[in-house]
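Report on one structure; see the data block that follows.
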Amino acid sequence: MKRLTLENITARHGLMTAVRDLSFDVPEGEVLCVVGANGAGKTTLMRTIAGAHVAAEGRVLVGGEDVTGLSAFARVRAGIAMSPEGRRLFADMTVRENLMIAGENGRKGNWTLDSVVAAFPQIEPFLNALAGGLSGGQRQAVAIGRALMANPDILLLDEVSLGLSPAAVEGVYDSLGKLKAAGSMTMVIVEQDLARAMSFADHIICMAEGVKELDGKPETLSKAAITQAYFGIHEGEAAHV
Ligand code: ATP
């Protein structure tokens with residue numbers, strides 16, 4: 001568990017700037033939820049933190065250590081693990097194999113196959129099933145479990161509830177709630193479901209067109225303010241939309 005700090009991160013796809021001069025600080029054991037419309041830059045931001053996308057400018061710090069120059073693989077060693085959008089499991093390997101491979105390539109620690117299954121009990125009946133045959137909710141639980149197997153300090157979860165049934169979302173957030181209550185993980189979660197983000201996060205940022213439009217604790221942010229930020233509406237512009 002460590003603090004995650006972003007300092008003035010800019011990330012581009014060719015000439016297109018997907019994330020612009022974005023900074024935040026997530027204290028140890030806290031949860032930051034990132035919300036924003038499609039194309040706002042959330043996935044690019046997460047990939048830039050994980051080292052899967054190279055930042056054009058700015059710094060990523062884990063516990064005060066600058067990891068900006070490290071590859072994605074080296075960042076896993078530095079304590080960052082990501083469950084990507086789309087979950088990306090090895091479809092023709094079993095759930096157990098998917099988890100064990102992540103464990104072998106990650107850091108050693110308290111997260112093992114047993115502790116992951118205890119935290120995500122919905123995985124247990126499917127340990128020997130091929131990952132390709134799982135439902136969306138099961139795949140999401142395995143993808144988060146796979147990230148935990150690397151024993152990270154910082155857990156990045158892209159699009160937690162996208163495409164899941166309400167019951168599956170409940171199941172995944174039950175498990176994440178226990179992780180949060182244990183205070184053992186610093187988390188950044190991209191969440192499309194605004195109500196869910198408001199109830200789960202310690203802190204929320206809203207992105208629009210690559211820019212951080214809004215930043216605050218859920219209890220200090222009104223729904224109207226978030227909705228405006230979500231669509232990138234600035235004061236005085238609302239009448240034209
Ligand atoms: P979504 O919710 O649709 O996944 P997002 O908020 O995660 O959206 P990104 O996927 O980060 O946003 O995309 C931000 C911008 O960067 C978009 O305009 C997108 O078209 C563009 N973009 C994303 N990936 C690439 C890429 N590989 N090459 C070129 N442009 C890209």
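FYI, side chains are in, hydrogens and waters are out, and symmetry mates aren't considered; it's all heavy atoms of this structure. Start at 1 and go down the list; that is how both ligands and their atoms are numbered. Here the structure is a predicted model, which means the values were calculated and not measured.
Applying the salt bridge (charged side-chain N to carboxylate O under 4.0 Å, His left out) rule to Arg75 yields no partners; only residues at least two apart in sequence or on another chain are considered.
Under the 6.0 Å distance and 45° angle rule, Lys180 counts as a cation-pi partner of Phe200.
Of the inter-residue distances, the one linking Ile154 atom CD1 with Leu32 atom CG reads 11.0 Å to the nearest 0.5 angstrom.
Near ligand 1, His13, Met16, Ala18, Ala37, Asn38, Gly39, Ala40, Gly41, Lys42, Thr43, Thr44, Glu85, Glu159, Gln192 each place a heavy atom less than 4.0 angstrom from the ligand.
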Evaluation steps, side-chain hydrogen bond (donor to acceptor under 3.5 Å, both in side chains), between Ser161 and Asp193: CA-CA 7 Å; Ser161 49; Asp193 179 341; 5.0 Å; no
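Closest heavy-atom contact between Asn128 and Thr94: O-CG2, 3.5 Å. Between Ala81 and Ala150, the shortest heavy-atom distance links the atoms CB-CB, 4.2 Å.
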